[in-house]
Amino acid sequence: MSADSSPLLEVKGLTKSFPGVLALRGVSLHLKKGEVLSLIGENGAGKSTLMKILAGVQPADSGEYLIEGGPVNFQNVRDAMNRGIALIHQELNLASNLDLAANIFLGREPNKKGIIQENEIREDATKYLQRVGLDLPTETITGTLPIGKQQLVEIAKALSCDARVLIMDEPTSSLSQKETETLFEVVKDLRNQGISVIYISHRLGEVIELSDRVTVFRDGENAGDLAKEEINHENMVRLMVGRDLSEFYDRQIHQPGKTVLQAREIISPAYSTIPVSFEVRAGEIVGIAGLVGAGRTELLQTIFGVTPALAGELELDGQSFRPSCPADAINAGIALAPEDRKQHGLVLPMTVRENASLPSLERDQSKGFLNQEAELKISEKAVEQMQIKTPSIEQIARFLSGGNQQKIVLGKWLAMNPKLLMLDEPTRGIDVGAKREIYKLMEKLAGEGMAILFVSSEMEEVLGMADRAYIMHEGKISGELDRNELSEESIMNLATGGEKTAA
Amino acid sequence: MKKNIIGIFALLVVIFVITAIINPKFLNAYNMQNLIKWSSLYAVMSIGVAMVIITGGIDLSIGSVVGLVAVVLAFCLKIHGLDPWVSIGITLGLSLLIGLVHGLLVTKAGIQPFVVTLCGLLVYRSIGRWITDNQSVGPVPLEGDKGYVNLEEILGLDFIFSGKIPLGDSFNLPTPFIFLVVLGIAGAVFLRKTIWGRYLYALGNNEDGAKYSGINTDNMKIIAYVLCSFCAGLAGLLFAFELDSVQPAQTGEFYELYAIAAAVLGGCSLRGGEGSILGVVIAAAVIRLIYNSINMVGISTHLEFGILGMVILFGVIGDEVLKKTMAKKQLSAR
Amino acid sequence: MKKNIIGIFALLVVIFVITAIINPKFLNAYNMQNLIKWSSLYAVMSIGVAMVIITGGIDLSIGSVVGLVAVVLAFCLKIHGLDPWVSIGITLGLSLLIGLVHGLLVTKAGIQPFVVTLCGLLVYRSIGRWITDNQSVGPVPLEGDKGYVNLEEILGLDFIFSGKIPLGDSFNLPTPFIFLVVLGIAGAVFLRKTIWGRYLYALGNNEDGAKYSGINTDNMKIIAYVLCSFCAGLAGLLFAFELDSVQPAQTGEFYELYAIAAAVLGGCSLRGGEGSILGVVIAAAVIRLIYNSINMVGISTHLEFGILGMVILFGVIGDEVLKKTMAKKQLSAR
Amino acid sequence: SGGQQTDDSNASKKIDDSTTFAYVTNGVDPFWDLCAAGVRIAEEELGITCEVLMPPKGVVDQKRMMETLLAKGIDGIAVSPIDAENQTPFLNEVAKNTILITQDADAPMSDRLVYIGANNYKAGRALGKLVKDAIPEGGEVMLFVGRLEQLNARQRRQGVIDELLDRPAQELADVKYDPVDATNLTTEGSKYVILDTRTDNFDKAKAKSNAEDAMTKYKDLKCMVGLFAYNSPSCIDAIKEADKLGSIKLCGFDEQDALLQAITDGHAYGTISQLPWEYGYESIIMLKDIYEGKMPENQYVEKTFAAVTKENVAEFWAKKKEMAELGKSK
Ligand SMILES: Nc1ncnc2c1ncn2[C@@H]1O[C@H](COP(=O)(O)OP(=O)(O)OP(=O)(O)O)[C@@H](O)[C@H]1O
Ligand SMILES: Nc1ncnc2c1ncn2[C@@H]1O[C@H](COP(=O)(O)OP(=O)(O)OP(=O)(O)O)[C@@H](O)[C@H]1O
Ligand SMILES: [Mg+2]
Ligand SMILES: [Mg+2]
């Protein structure tokens, strides 16, 4: 690979609009053979939109798209694939009813007159699965795998395309540390083979580790490029948000108050033999760390009444408490900002106002009628307090960026004044600016005496935010670490099934 | 939402005007009053099914519920001579019970609404035929019937459900219209002004999202099915008194399709989360208007179905086009 | 998938055995051959609708397509005296065209399948009545008909579509069974062994995912609708020759519900992405078996619908329970 | 509102080309298109306009169509009420606004002026006689019908039963019916057993499989009787396919081509035809007479029916073809 060779792929002045949104306003980007280009930017900056255009998923409104200097005009995904461009989408796009082999070769099945060559597929699929570190039979039905593993299947699928350009849109957002490392090996390997990679992530550490070059987007426009030697945290953040961000994790330690949530030997349905005990106190921020699939989400859902506990005791503020549905938990003073924002957190086709007020409608009702005044107040307060960037409270939630959507979720729970706020991956897929605001909010709420329990797969986040952390491994709590015991090694050790070492 | 209503309202006006031009007799008071009456009867059913469609469900059984309720009513009033108000209570109670069963099967047993109500369609029709031995019955008793002693009261009911209130010289207001107005306003208030209405829209758009916000989605769905069956039951009473004759195998046949067509034409999305009472009521009126126009203009009755089908199809296509244009305009306006 | 088939197969066996015990005449060759014949006719339709259901769509129009194709066939063969094979071509071509229109409306115009095919249901029925002036017609010409000159060839067709092939002493194999076997195997191979079948399952489960994998989902959906209408068209031919008489207003009425019921009972999920030909065929046989059993056991025909409805409902509930138990077992096995 | 004529105020009126009459059926059926032929003949003859309306879905559509006719100011309606007993109040409302007569089925309690109709009980008995001729030695008989909720179906069925069991003739006004699910009906000394009556809800496939199932269930079945037009062709098919032509006789009702062909071929014994075109013709003529002030002496005009067997089938069929051609909708 030579630095001065003409770009393999290049776009100039691309624009794209959606009903109600101008997603790209004349962006440019180029990619050379065998380089890893990272694309970063705040939520809604237009990264995914551009990638979809590159991969033929959707057409641009205007602008130039060149491959090896020649203009292309992809009508569909297949056209792009034929030119060697493969995209791993931000959202999972597997058919959950098909097996792994079928998914990996979906749309490209080796066939004779339409009859699928099963044996060939299975052999090849095994090869690609091993390459991403998945040692599973190819007959496994995809839907039975945890999300993280499915993400790896997506990557195996992209690898199987034998692409010249591989685009990865936040591939690690649901991968564990170990899986992430496997992925990095794969990416580096690809680079060595002369394959170009476009890598999108909000985790700047990953970007630093992987990239040969970084392109930054802001509000659908180019905000700048960084050459390999310029890539560092400060530079990236400055280009993304337009200013410096100091002090990311701004924690003050408060004296924790009385116990808010006490869990004694509760058993969640996903791990029907493993009892779990823990507590959260007022004014305390407690983290739950662990590898993806360790059962953390399940645990929060059990406390929230989504999947009621099979056994064990829960106490909230000293009162025994047995939620059988989220409504019970909410009435008792618990809130959950779920991991899957689009599916569980919000009603996307409804407005900011309707979303923000949804849990408080029942409290504020008068004889069943909506209290429209209260509704307005709640949503306006949420927008103001959380600094939600929205044209109005009547905007449809779907049209907001991920970070702003997450802020609506937080806003709607704050209106309920919960005793315990549970956050599942509160900053997944959220840009640095918004991230910092969420951290600030957590800190403020804890200062006001709220108990906060959060799940995170980002080591940094747990280290930065938690007063205390529980580490989970395969459904059980394998250890508890105080703030001064928290370190990358101690967490990893417990998360992978090791014993707690004396601090 | 409002754009939808404009579209369907325009359709109503266009068909109305064209028919009036071709046959001015269309406009006479008697015809108008019939048109209002039939529109009201079908709109009552359609309001119910709209509730279920808003939750993302479907109810294929309403035609059979109309039939069964009408049969049971006639059975109670005429054949068994039960107290008229008790009979009304029994029939409406029956329809509530049916809705409850649907709701429970959909939510607690997790069976798809299409399947549950398809089975309902078959079963209720069968029960209706079985208890009457498939003989026509009517709600109003004749001499010799057990219910004849209650004749006066039953005629009172008959007036309530299918009477005509003189307004001015030649125009009589059919009482079903009053039912429609009351039900329509109640329905619209329920959907737009109460928390439960909001919950229905929310769960229709995203059931999980609604559940995680503390809404008891199961209960809300059950309520929707109960309301739907209740509307069908009420329509059953209205039809029974209007027709004075119930044929167990036929009364209500295909009505589910009319009601669903009206809901869809009126702006409900079968994916859930969308729709308004006003739109549905106007659409129900459009469907009845089409029938009336076909007869008025003198088109072969063999073509009725076809014309109805084409109007629904083009109505929905037009709506789709309208929505897309609106969205584009919105963008360029920014 | 296989568990589903076990459930429905068990149901088939149970009803079979019970009926045989109550009335041993049920088992005689003549009855078996009738059972096979009717099951085949309905199964042919159901296979088609299963394809559409696997994509997550629905087709409510098949009953009307059966009726229209039967009418057009009789029209061509008998009244206009067209060449018999040309007539077959025209009718099957018509059904393909109908499927194509459905597919285009669903994919390109973005209208929901329920709406498109509901309109189809109304329109095709209407056309059938209109072109025949609602006269019963039959495919086999009588003396004086224009088509009488082709009588011999038409009788040949009649044999192909509704003949009986003697096997042994008393048993005759109805030719529709051969159609079913060929269609069933072709369908199963298509769904399970070819890329297109896989695409149907994939897009039924996750349309975007399939699209992002380079599958032309629109074309695949169109193919599903075309296949569905084609099966309905073939069923129309089979019914026309089997019944030798077509009533434009009635032939095929409600068949969409039977076909959908068979598909659901046979393991298709209306959410798409699930289902197998074998399951659907067995389920279609179960439905016909229920009808036959009711006659054999001598239950009032009024109750047929009800019994059918209950069997479907409990079949689906049983299936649901089975799935949950399986899932639990799997979990505890981890 | 509605038509302005009443039967006494228009004694001097004459029909002209602005006069419109309507012929309303009880459903959609080929039978009615044959009736329409008669309407067309009368229309031509009188130089007026007639509408033929076929309500597809029962009472609701019938009511709606008649209301629309009133709104259009129709001069007279001949209707076949679907549920005579309970539709009476509505029929009275119609009768108040225009000339109303019933045909095919009566609504005796209503204010309709005249009823033109076959005596279905008698027709049933005539059909019973055909059965007796077909199997003089006696045997098991099975009845097939679309729906038994229709009065004419019940009357017809009862006529057949009574004739076969040699019961005394009943008055049409109050026929006593055997229960609809009665099986193995017979009387002492009678040679005939009526095994069962199966209904099919107008589904032809069902009609045919009913016939097949009957043959499976009853080994000694001697004769099938189709009470509705499409029942007998279905039975013939089933009999033919079971190779029982000749050993199981068939008697039908009405005049579908397939049945007439079977009679020609000797596969069916005979049928009773109500000569539907006469219904249409006579109804319109009756409306005209009343419109012009000529009330018939009797409120009940009994329509004739004809037994068609091998002897007269050719001639009958020719007539039917001619009528079918005429009956095509305009
Ligand atoms: N199909 C669509 N319809 C409407 N708006 C859309 C659509 N897809 C994207 N958008 C909007 O376009 C803008 C750019 O979105 P895009 O997904 O490209 O952002 P992103 O940079 O990938 O953000 P993130 O980091 O959150 O993934 C956003 O405002 C988004 O809401
Ligand atoms: N609805 C479900 N059905 C079957 N298995 C499930 C379900 N939900 C979770 N699981 C399984 O339970 C295990 C724990 O999942 P959970 O989502 O709680 O993990 P987690 O530690 O929160 O991971 P993540 O960070 O991805 O949320 C996983 O193996 C997952 O596959
Ligand atoms: Mg993105
Ligand atoms: Mg009344």
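Below, chains carry the letters A, B, ... as their sequence lines are ordered, and counting in each starts from 1. Hydrogens, waters and symmetry mates play no part in the numbers below; they use all other heavy atoms, side chains included.
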Check this for me: B/F177, atom CZ, are more than 12 non-hydrogen atoms of other residues, nucleotides or ligands nearer than 6.0 Å? no
Heavy atoms only: give me the nearest A/V347-B/A210 pair and the separation to one decimal. CG2-N, 4.3 Å
Which one wins on heavy-atom pair count under 4.5 Å against chain B: A/E354, A/R341, A/Q372? A/E354
Would you say A/K419 has more than 12 foreign heavy atoms packed within less than 6.0 Å of its NZ? yes
A/L361 versus B/Y199: any side-chain heavy-atom pair under 4.5 Å? yes
Ignoring hydrogens, what is the shortest heavy-atom contact between A/H344 and B/D208? Give both atom names and the distance. CD2-CB, 3.4 Å
Answer yes or no: are there more than 12 heavy-atom neighbours, outside B/F114 itself, under 6.0 Å from its atom CZ? yes
With under 30° as parallel and over 60° as perpendicular, where do the rings of B/Y212 and A/F304 fit, or are they tilted in between? tilted
Residue pair B/G214 / A/A327: nearest heavy atoms and the distance that separates them: O-CB, 3.2 Å
Can you tell which part of A/S360 gets under 4.5 Å to a heavy atom of chain B, answering side chain, backbone, both or neither? neither
Of the listed residues (A/Q343, A/Q365, A/K412), which shares the most heavy-atom pairs with chain B below a 4.5 Å separation? A/Q343
Could you look at A/I330 and say if it's the side chain, the backbone, both or neither that has a heavy atom under 4.5 Å from chain B? side chain
Minimum heavy-atom distance between B/N205 and A/P349, given as atom pair plus value: OD1-CG, 3.4 Å
Residue pair A/E375, B/R198: steps toward the side-chain contact (heavy atoms from CB on, under 4.5 Å) verdict: CA-CA 12 Å; A/E375 206 186 332; B/R198 177 71 60 78; 2.7 Å; yes
Strictly distance-based, threshold 3.5 Å: is any side-chain N or O of B/N206 a donor or acceptor partner for the main-chain N or O of A/L346? yes
